[in-house]
Amino acid sequence: ETGDGLKDYAVSIKDANGTVLSQQTIRDDEALEVPKKAGYTFAGWYTDNSYKKEFDFDTMLKTETVVFAKFIKNPEKPAKLSVSGKIYNQITVSWKGSTDVEGYIIYRAVEKSGKYEKIATLKNSKVTTYIDKKVSLGNTYFYKMRSYKNVENIKLYSSYTDIKSGSPILAKPTNLK
């Protein structure tokens, strides 16, 4: 016990395989720091490695403790993103679809390192093309995207694709004599 009446507790955080992800000392009034696991999203604290019983920090933190951090694998990011301008007022964004996703989110910026805004959420995982019609001739646009899915009421996101750029272009004149 510390001078302020709070207790310190040693907590070991493990994954489902029993691998220790981190060891922390926390006080009665502190929360555990969620460990990072690349490619995964944290989904809760549990008393067991089968994730059957959630850990209750108010009643279960009485001594040195082991808690299990549940992680859910994030979806794969879309592959082979390509961007092409074929006419003056639109840019086509296309990609190779990912398996086991619910949809895709597309972002656009006017500078590669600029602020990216979400321009579309596609709720059909089978769609692999998006036509951006809010573009202007003479400008270059930068795109990135990621996939998403919902698992156990948690929205999971893939990492972002590489950034690709494109510009709308004037069509070649036809029927010239």
Side-chain angles (χ1 to χ4, degrees), residues 1-82 93 95-109 111-128 130 142-164:
E1 196 166 306
T2 60
D4 54 12
L6 299 174
K7 291 184 178 177
D8 289 335
Y9 298 101
V11 180
S12 292
I13 301 171
K14 297 183 177 184
D15 65 11
N17 300 325
T19 303
V20 175
L21 301 173
S22 74
Q23 294 185 314
Q24 300 176 30
T25 299
I26 64 168
R27 305 179 99 194
D28 281 328
D29 62 344
E30 294 178 329
L32 282 176
E33 184 178 315
V34 176
K36 302 277 188 244
K37 190 171 180 180
Y40 290 79
T41 297
F42 175 74
W45 301 112
Y46 289 82
T47 61
D48 61 313
N49 67 345
S50 59
Y51 308 125
K52 300 287 186 228
K53 185 175 181 196
E54 287 191 42
F55 192 90
D56 180 354
F57 283 92
D58 292 332
T59 60
M60 298 179 145
L61 198 58
K62 303 289 184 212
T63 181
E64 288 190 19
T65 305
V66 173
V67 295
F68 292 87
K70 181 177 182 179
F71 290 91
I72 302 172
K73 185 165 179 39
N74 293 335
E76 294 294 320
K77 70 180 175 182
K80 299 184 180 179
L81 177 65
S82 69
V93 180
W95 60 92
K96 183 176 184 277
S98 304
T99 58
D100 195 31
V101 303
E102 290 179 29
Y104 305 97
I105 304 169
I106 301 172
Y107 302 84
R108 179 187 66 207
E111 296 176 5
K112 187 173 186 176
S113 60
K115 182 179 192 283
Y116 283 78
E117 294 185 27
K118 179 174 21 174
I119 60 167
T121 299
L122 307 173
K123 296 181 178 179
N124 180 345
S125 65
K126 306 245 184 288
V127 172
T128 58
Y130 173 77
F142 299 87
Y143 297 86
K144 65 182 180 179
M145 62 183 298
R146 62 184 178 171
S147 57
Y148 72 89
K149 68 178 178 179
N150 290 293
V151 177
E152 299 175 25
N153 295 319
I154 299 171
K155 197 162 200 173
L156 304 172
Y157 298 95
S158 71
S159 57
Y160 289 101
T161 60
D162 290 338
I163 295 168
K164 301 291 182 177

Engineer: Is atom NZ of Lys144 surrounded by more than 12 heavy atoms (other residues, nucleotides or ligands) closer than 6.0 Å?
Structural biologist: yes
Engineer: Apply the ring pair (Phe, Tyr, Trp, His ring centres under 6.0 Å) test between Tyr107 and each candidate in Tyr130, Tyr143, Tyr160; give the one that qualifies.
Structural biologist: Tyr160
Engineer: Determine the minimum heavy-atom distance between Phe142 and Glu111, stating which atoms define it.
Structural biologist: CD1-C, 3.5 Å
Engineer: Show, in sequence, the C-alpha distance, side-chain angles and deciding distance for Leu81 and Asp162, and conclude whether the side chain to side chain contact (heavy atoms under 4.5 Å, CB included) test is met.
Structural biologist: CA-CA 8 Å; Leu81 177 65; Asp162 290 338; over 6 Å; no
Engineer: Keeping Thr41 on the side-chain end and Ile72 on the backbone end, is there a donor-acceptor pair under 3.5 Å?
Structural biologist: no
Engineer: Any idea which heavy atoms bring Gln24 and Ile13 closest together, and the distance?
Structural biologist: NE2-CD1, 3.3 Å
Engineer: Using the test side-chain hydrogen bond (donor to acceptor under 3.5 Å, both in side chains), find all partners of Lys149 that sit at least two apart in sequence or belong to another chain.
Structural biologist: Asp100
Engineer: What pair of heavy atoms forms the shortest contact from Thr47 to Phe55, and how long is it?
Structural biologist: CG2-CD1, 3.7 Å
Engineer: For the backbone of Asn150 and the side chain of Glu102, can you confirm whether one donor and one acceptor N or O come within less than 3.5 Å of each other?
Structural biologist: yes
Engineer: Do Ser98 side-chain atoms and Lys77 backbone N/O form a donor-acceptor pair below 3.5 Å?
Structural biologist: yes
Engineer: Say whether Ser50 and Asp48, considering side chains only, have a donor N or O and an acceptor N or O under 3.5 Å apart.
Structural biologist: yes
Engineer: So which of Tyr40, Tyr46, Trp45 actually passes ring pair (Phe, Tyr, Trp, His ring centres under 6.0 Å) with Phe42?
Structural biologist: Trp45
Engineer: Does the Tyr157 side chain pair with the main chain of Ser147, one donor and one acceptor, at a distance under 3.5 Å?
Structural biologist: no
Engineer: Mind listing the closest non-hydrogen atom pair of Glu76 and Val101 along with its distance?
Structural biologist: O-CG1, 4.2 Å
Engineer: Would you check if the side chain of Tyr51 reaches a backbone N or O of Gly44 as a donor-acceptor pair within less than 3.5 Å?
Structural biologist: no
Engineer: Compare every heavy atom of Val127 with every heavy atom of Trp95, then report the nearest pair and how far apart it is.
Structural biologist: CZ2-O, 3.3 Å
Engineer: Without swapping roles, check the side chain of Asn17 against the backbone of Thr19 for a donor-acceptor pair under 3.5 Å.
Structural biologist: no
Engineer: Using the salt bridge (charged side-chain N to carboxylate O under 4.0 Å, His left out) criterion, which residues pair with Lys70? Sequence neighbours excluded.
Structural biologist: Glu152
Engineer: List the atom of Pro78, the atom of Thr161, and the distance in Å for their closest heavy-atom pair.
Structural biologist: O-CG2, 3.3 Å
Engineer: Any side-chain heavy-atom pair from Val93 and Tyr104 closer than 4.5 angstrom?
Structural biologist: no
Engineer: Answer yes or no: are there more than 12 heavy-atom neighbours, outside Lys36 itself, under 6.0 Å from its atom NZ?
Structural biologist: no
